[in-house]
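Take a look at the structure set out below.
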Amino acid sequence: MTAAAAPPACDPSSLSNPNEAHITHLSWEAVVDFAKKKILAKATYDVKLVSSDVTSLRLDTSGLAIRSVEVNGKRATVSMTIPDDSKPHLGSCLEIELNNIFSEEKVSVTIQYATSPSASAAQWLPPAQTAGKEHPYVFTQCQAIHARSLLPCQDCPSVKMTYDARVTVPKWATCVMSALSKDINKTNTITEAENGDKIYEFSQPVPIPSYLFALAVGELDSREISPRCRVWSEPSMVDAVAFEFSQVEDFLKAAEELTMPYQWTRYDLLCLPPSFPYGGMENPCLTFVTPTLLAGDKSLADVVAHEAAHSWSGNLVTNETWEHFWLNEGWTIFLQRKIMAKVHGDDNFFDFDAIAGWEDLKESVGLMPDKYTKLILDPSDDDPDDAFSSVPYEKGFNLIYALERMVGSDKFAGFMKAYFNHFKFSTVTSQKFVDYFESYFEDIPAIKEFDWETWLHKPGMPEKPAFDQTLSAECTGLAEAWVTVDDGETGKDILPKHDISEWSTGRKTCFLDALIGTCTERKRPLSLSTVASMKEMYQMHESQNSEVLFRFCMIAVEAGDASILPVVVRFITTQGRMKFVRPLYRALFHSEMGKDIAVSTFLENKDFYHPIATKMVASDLDSIKPDDLTKEMEKAPCVPFFAAEVFYGPQEGYVFKKSNLGTGYYLDVLPVVDKSWEASSDGVVGNFQKSLVIGGIIAMSTAIGMALLRGKQQ
């Protein structure tokens, strides 16, 4: 295995110093404490010193309680920075002095610590939020920079490390990680502690960045679906999961034909509880997926093909910093579509799926600020989560697709194999990619004329390719027919007669995407009568397929169809996938009929969502201003409150405050100048920097579940 070079000198998303000293291996011993919602752990790191004058090791942390630190077995001198209120996502820097070891190239650092119950990487689910309803559950999500809330680390993708782990869990629980069982033959992998708890051992021999460190503990069962693939889930779901994802081995074989042999030994898959915020997460050896993929007909398995493709693009060859995230996701979308075309046995599927991706890209570009619609993001210490959209996926895909069309598919297939072999186990930047591409195709004159500057640095939409319309024409034609009805060009009693009951999910979503795209372009939603006719004809509002239901809900909300509101609320409160909940919350909030419902629903259910999803939905709703609430506040009664936790929203000059009133949680948006306020009732001061306000009075709007502190600036 080729050793990676020293990481770059600066990664704005990290407070660590991997260019001076970087971690090469982690040994992790942990106890999962469900009662306290904490992980108690000891982390021992092998650290390579880049030069002889290194004086300290700096690690990223967030909310960790550090109990002891040793360097080469001796107690070390350490310091911890105070988190920057304006950049809370960066956490704190743990600096460990490395005095008197200048002659050594490697050192051993051991840290004992405990995580916080509010760690952003972990979601602790009570039994009521699980399928079995009997035991709690915890799972982690470290991408992009949440690993620092799970363990002290160099939380930047340029640092890759191997790891082994020994995890103690309750006797009823099963533990799985982004690693192999310590003994691949399963002998002596699980041992019993004196108190009856179980101890699981794992090993990850392939170097990974911190964002791919993953853990899940719950009541789990599994099924083998091939010699190297196993699916995991709660026992009541495991057979459905095994059926839905039975094609995983086919995906891996197709990806190997396109790239190189699989490097991770096993490819297991864990179907998580419904609050998981993503479609999937490509944790090595153990992909996490959402149960919203369980359509019963394998029609949404392309998400698993995407995560499987990450075993090469992202996990094996990794973006060096988050500014180059498109290299992870653009390549993965490209591979996913190649894989699915192979599995379907139809090359036209590649462009058919790319058409749907183009519609996603248009929506993201219309929604995101310009700085987040470029492929290479400007270096920034902003939260990488804020930049999450379809742009790195679909704009990145379209760049790679443009390169394939320029050199020809056969030559590009050879380049793809060479690229993954050349950069395997290491990291890559956009410039490294460009240099390697131009070197590989140095005999093709057109390469010198390719407009890298526009593709990589210009915001907005790229030039649209001439996608093959073979599979999409009927879908877009049906959409045009409904638009004709909606425009009044066809009588309302003359509706399209297409029977789409046997259409695939992809064709149905293509039809709905075309409708949404047309409504966006003409800046007018469908009429209520058109939506009512579609509901009667297609019953999409009753669909059990999450992709179909999501799109139809978006169409109906935009149309102002109040009858869809119970369906939407049920959908966004029974699963937490951000692809669905964020657009629907935004659509509700910006609709006249749904604004109050969006706010109250979020506040009532925010503890159901993963911390990342809660943060991002709160961000979507932060356009709420105190002035928007004036009329409601004039009607609202005053009620006492006793304590409030404060967390800062992304909108400059405001904070979100969640106040526990006993009957529920309420979100508050307050203007902030010096972050100190005096409550109007008794003069007791609460300091927002300490995240606690005691004593005062709030005015609460029971109509919309929003609270506004009545106070004056101190």
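What you are looking at is a predicted structure, and each value in this text was computed from that prediction instead of being measured.
- Here F420 pairs with W331 under the ring-ring contact (aromatic ring centres under 6.0 Å, His included) rule; sequence neighbours left out.
- Under a 3.5 Å cut-off, the side chain of E234 and the backbone N or O of A131 do form a donor-acceptor pair.
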Exercise for the section: For the pair I199 and R166, evaluate side chain to side chain contact (heavy atoms under 4.5 Å, CB included) and give the outcome as yes or no after the intermediate values. Expected result: CA-CA 7 Å; I199 302 171; R166 181 180 170 88; 3.5 Å; yes
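- The pair K87-D381 counts as a salt bridge, with a side-chain nitrogen and a carboxylate oxygen less than 4.0 angstrom apart.
- One side chain, D155 or S210, offers a donor N or O that lies under 3.5 Å from an acceptor on the other.
- Residues S178 and Y163 bring a donor and an acceptor atom of their side chains to less than 3.5 Å of each other.
- Salt bridge R228/E249: present, at least one basic N to carboxylate O contact under 4.0 Å.
- When the shell of 6.0 Å around NZ of K133 is examined, it contains more than 12 heavy atoms from other residues, nucleotides or ligands.
- Defined by atom type and a distance below 3.5 Å, a donor-acceptor pair is missing between the side-chain atoms of T318 and T427.
- Salt-bridge annotation for K615 and D383: present, with a side-chain N of the basic residue lying under 4.0 Å from a carboxylate O of the acidic one.
- Without hydrogens or angle criteria, S222 side chain to R230 main chain gives no donor-acceptor distance under 3.5 Å.
- Relative orientation of the F325 and Y393 rings is perpendicular, given thresholds of 30° and 60° on the angle between their planes.
- Scanning all heavy atoms of the two residues, the minimum distance from L125 to Q129 falls at CD2-NE2, 3.4 Å.
- With contacts defined as side-chain heavy-atom distances shorter than 4.5 Å, the pair S108/V71 does not qualify.
- Distance OG/S27 to CG/D46: 6.5 Å, rounded to 0.5 Å.
- For the ring-ring contact (aromatic ring centres under 6.0 Å, His included) test, no residue two or more places apart in sequence or in another chain qualifies with H324.
- Checked for salt-bridge contact, K171 and E192 miss the test: no charged N lies under 4.0 Å from a carboxylate O.
- Side-chain atoms of T573 and N605 form no donor-acceptor pair, as typed in the model, at a separation below 3.5 Å.
- Ring to ring, F423 and W312 are not that close: their centroids are 6.0 angstrom or more apart.
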Check residues 270-289 and write down every donor-acceptor pair under 3.5 Å in which the side-chain atom is one partner and the other belongs to a residue at least two apart or another chain.
residue	atom	partner	partner atom	Å
S275	OG	Q123	OE1	2.9
T287	OG1	Y267	OH	2.7

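- A173 and V217 make their closest contact through CB-CG1, 3.7 Å (heavy atoms, listed as atom of the first residue, atom of the second, distance).
- Under the 3.5 Å distance criterion, with hydrogens and angles disregarded, a donor-acceptor pair is assigned to the side chains of T321 and E323.
- Remark: the D84 side chain and the S86 side chain contain an N/O donor-acceptor pair separated by less than 3.5 Å.
- Pairs engaging residues 58-83 under the ring pair (Phe, Tyr, Trp, His ring centres under 6.0 Å) rule: none recorded [sequence neighbours left out].
- Pairs of residues two or more places apart, or lying in two chains, that qualify as side-chain hydrogen bond (donor to acceptor under 3.5 Å, both in side chains) and include a residue from residues 57-67 are S14-D60.
- When the side-chain hydrogen bond (donor to acceptor under 3.5 Å, both in side chains) test is applied to Y200, the partners found at least two apart in sequence or on another chain are K198.
- When the side-chain hydrogen bond (donor to acceptor under 3.5 Å, both in side chains) test is applied to Q336, the partners found at least two apart in sequence or on another chain are H306.
- Residues passing the side-chain contact (heavy atoms from CB on, under 4.5 Å) test with T77, sequence neighbours excluded: E97.
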Please list every donor-acceptor pair under 3.5 Å in which a side-chain atom of residues 28-38 meets a protein atom from a residue at least two apart or in another chain.
residue	atom	partner	partner atom	Å
W28	NE1	Y113	OH	2.8
D33	OD1	A35	N	3.1
D33	OD1	K36	N	3.1

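- When all heavy atoms are compared, the tightest approach of L335 to A309 is CB-CB, 3.8 Å.
- Between the side chains of E95 and S56, at least one donor N or O sits under 3.5 Å from an acceptor N or O.
- Annotation: side chain of P392 is not in contact with side chain of N328 (no heavy-atom distance under 4.5 Å).
- In terms of the ring-ring contact (aromatic ring centres under 6.0 Å, His included) criterion, H146 has no residue partners (sequence neighbours excluded).
- A salt bridge is absent between R223 and E244; no separation between the charged side-chain nitrogens and carboxylate oxygens falls under 4.0 Å.
- Under the side-chain hydrogen bond (donor to acceptor under 3.5 Å, both in side chains) criterion, H89 pairs with no residue, sequence neighbours left out.
- Under the rule for a side-chain contact (heavy atoms from CB on, under 4.5 Å), the partners of T574 that lie at least two apart in sequence or sit in another chain are R570.
- Note: E219 CD to H135 NE2 = 4.5 Å, rounded to the nearest 0.5 Å.
- Enclosure of atom NZ in K579 by more than 12 non-hydrogen atoms of other residues, nucleotides or ligands within 6.0 angstrom is indicated.
- Nearest approach of L215 to C175, heavy atoms of both residues: CD1-SG, 3.4 Å.
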